[in-house]
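Everything on this sheet refers to the single structure shown next.
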Amino acid sequence: MRLEQLVDALDRGGVGQLKYEHVCKAIGVTITGTPADWPRDEERARALQDELRTRVVVDEPGPPPGSGLVTGVDVAYDDERDVVAAAAVVLDAATLEVVEEATAVGRVAFPYVPGLLAFREIPTVLAALGELTSGPGLVVCDGYGLAHPRRFGLAAHLGVLTGLPVVGVAKNPFTFTYEQPGPRRGDSSSLLDGGEEVGRALRTQDGVKPVFVSVGHRVSLSNACAHTLRLSPGFRLPETTRRADALCRKALREATG
DNA sequence: GCGACAG
DNA sequence: ATCTTGTCGC
């Protein structure tokens with residue numbers, strides 16, 4: 001996906017106030033600044049979530065597991081120097097082999113506030129996605145989608161901005177509750193916010209702590225779980241997450257030192 | 001008011 | 001997320 005297409009997508013999505021003219025190239029990575037009109041305080045960030053949440057698409061099953069491309073995205077921080085590095089790693093969904101990699105480095109755009117994680121991660125993640133030549137296919141990110149206080153976590157936010165199918169796979173249950181799923185790989189249970197199922201606790205390896213899957217955009221929950229399972233043949237976390245995590249850390253090392 | 005709280 | 005040694009095990 002080229003950067004111009006990404007910006008077009010942003011405009012078509014009615015979020016044209018998000019400009020990425022700060023994006024430029026330098027020494028093999030993309031250096032991105034925070035968009036001038038990016039929310040600067042929690043109040044405006046929550047207002048933007050409330051505005052964008054209505055655009056989440058939940059009535060599509062999403063691409064079938066095991067075919068096409070699947071892209072993992074992740075970020076690493078150097079809070080001392082106010083630097084963030086993002087990575088996007090495209091895998092062949094059938095073989096889990098790496099098809100393409102891209103990174104971007106930028107300034108931290110927002111502090112970490114539970115419920116507002118997307119504002120911290122998304123600008124640099126978009127820059128990394130914009131560097132990809134291949135279409136990302138299904139995107140898998142760290143954190144939650146609809147499992148969120150206002151039903152608009154990182155995965156949903158990224159999906160609405162790009163129009164891509166996105167799933168969220170988190171390592172912790174956040175504020176939600178769940179019954180312990182069965183002990184075998186593939187066993188799952190509901191992730192609950194009160195009585196509402198907002199995601200699933202999914203066991204990806206026998207006898208290992210589950211991961212927490214939720215819908216981001218244009219995928220069903222059951223399909224999101226099926227993808228997560230296929231992407232996790234040997235470890236607790238999906239290969240997309242593992243690859244993106246390793247790459248963004250490397251990009252941060254090379255950008256910082 | 002206090003604690004908890006994706007990454 | 002990040003700070004961090006050793007250690008158990010394949």
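What you see is a predicted model, and the numbers here were worked out from it, not measured in a lab. The basis for the numbers below is simple: all heavy atoms, side chains too, and nothing from hydrogens, waters or symmetry mates. In what follows, every chain begins at residue 1, and chains take the letters A, B, ... in the order their sequences are listed.
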query: Does any non-hydrogen side-chain atom of A:Arg218 lie less than 4.5 Å from one of A:Val166?
result: no

message: Classify A:Ala147 by what it touches in the nucleic acid, base, sugar-phosphate, or nothing, heavy-atom distance under 4.0 Å.
response: nothing

message: Within the structure provided, determine whether A:Thr103 and A:Leu247 are in side-chain contact (heavy-atom separation under 4.5 Å).
response: yes

message: Applying a 4.0 Å non-hydrogen cut-off, can you work out what A:Leu116 is touching in the nucleic acid: base, sugar-phosphate, or nothing?
response: base

A:Pro63 backbone acceptor or donor facing A:His227 side chain under 3.5 Å: yes

- prompt: Would A:Tyr77 and A:Glu121 count as having a side-chain donor-acceptor pair, cut-off 3.5 Å?
  reply: yes

message: Checking side-chain polar atoms at under 3.5 Å, does A:Ser189 have a donor or acceptor matched by the opposite partner on A:Gln180?
response: no

- prompt: Which whole-number value in Å describes the distance from A:Arg249 CZ to B:dG7 C1'?
  reply: 11 Å

task: May I have the distance from A:His148 (atom NE2) to B:dA6 (atom C1'), rounded to whole angstrom?
output: 9 Å

- request: Check the distance between B:dA6's C1' and A:Asp74's CG and give it to me in whole angstrom.
  value: 12 Å

Contact boundaries on DNA chain C for chain A, cut-off under 4.0 Å to non-hydrogen atoms: C:dA1 to C:dT2

query: Given Watson-Crick or G-U pairs with both distances under 3.5 Å, what dot-bracket string fits DNA chain B, with | for other-strand pairs and [ ] for crossing?
result: .......

- prompt: Would you write out the dot-bracket form of DNA chain C, 5' to 3', with Watson-Crick and G-U pairs under 3.5 Å, [ ] for crossing pairs, | for pairs to other strands and . for unpaired bases?
  reply: ..........

query: Between B:dG7 atom C1' and A:Asp245 atom CG, what is the distance in whole Å?
result: 11 Å

task: Output yes when a side-chain donor or acceptor of A:Asp74 lies under 3.5 Å from a complementary backbone atom of A:Ala244, and no otherwise.
output: no

message: Nearest whole Å is fine: how far is B:dA6 P from A:Leu237 CG?
response: 15 Å

field: Value in whole Å for how far the P atom of B:dA6 lies from CG of A:Leu117
entry: 9 Å

message: What I want to check is whether the side chains of A:Gln49 and A:Arg150 have a donor and an acceptor closer together than 3.5 Å.
response: yes

- prompt: Does the distance from a Lys or Arg side-chain N to an Asp or Glu carboxylate O, for A:Glu101 and A:Lys250, drop under 4.0 Å?
  reply: no

message: If you compare every side-chain N and O of A:Asn172 against the phosphate oxygens of B:dC5 (OP1, OP2), does one of them come in below 4.0 Å?
response: no

- prompt: Using 30° and 60° as the class limits, which term best fits the ring planes of A:Phe119 and A:His157: parallel, tilted or perpendicular?
  reply: perpendicular

- request: Measure the distance from CG on A:Asp79 to P on B:dG7 and round it to the nearest whole Å.
  value: 15 Å

field: For A:Thr228, the option from A:Val140, A:Leu202, A:Leu237 that meets side-chain contact (heavy atoms from CB on, under 4.5 Å)
entry: A:Leu202

- request: Give A:Gly168 one of three labels, base, sugar-phosphate or nothing, depending on what nucleic acid heavy atoms sit under 4.0 Å from its own.
  value: nothing

message: Can you tell me if A:Lys171 touches the phosphate of B:dG7, counting only side-chain N or O atoms and a distance under 4.0 Å to OP1 or OP2?
response: yes

query: Atom CZ of A:Phe212 to atom P of B:dC5: distance rounded to whole Å?
result: 12 Å

Phosphate OP1/OP2 of B:dG7: any A:Tyr77 side-chain N/O under 4.0 Å: no

task: With the side chain counted from C-beta on, respond yes when A:Leu129 and A:Thr71 share a heavy-atom pair under 4.5 Å apart, and no when they do not.
output: yes

query: Less than 6.0 Å separating the ring centroids of A:Phe212 and A:Tyr178?
result: yes

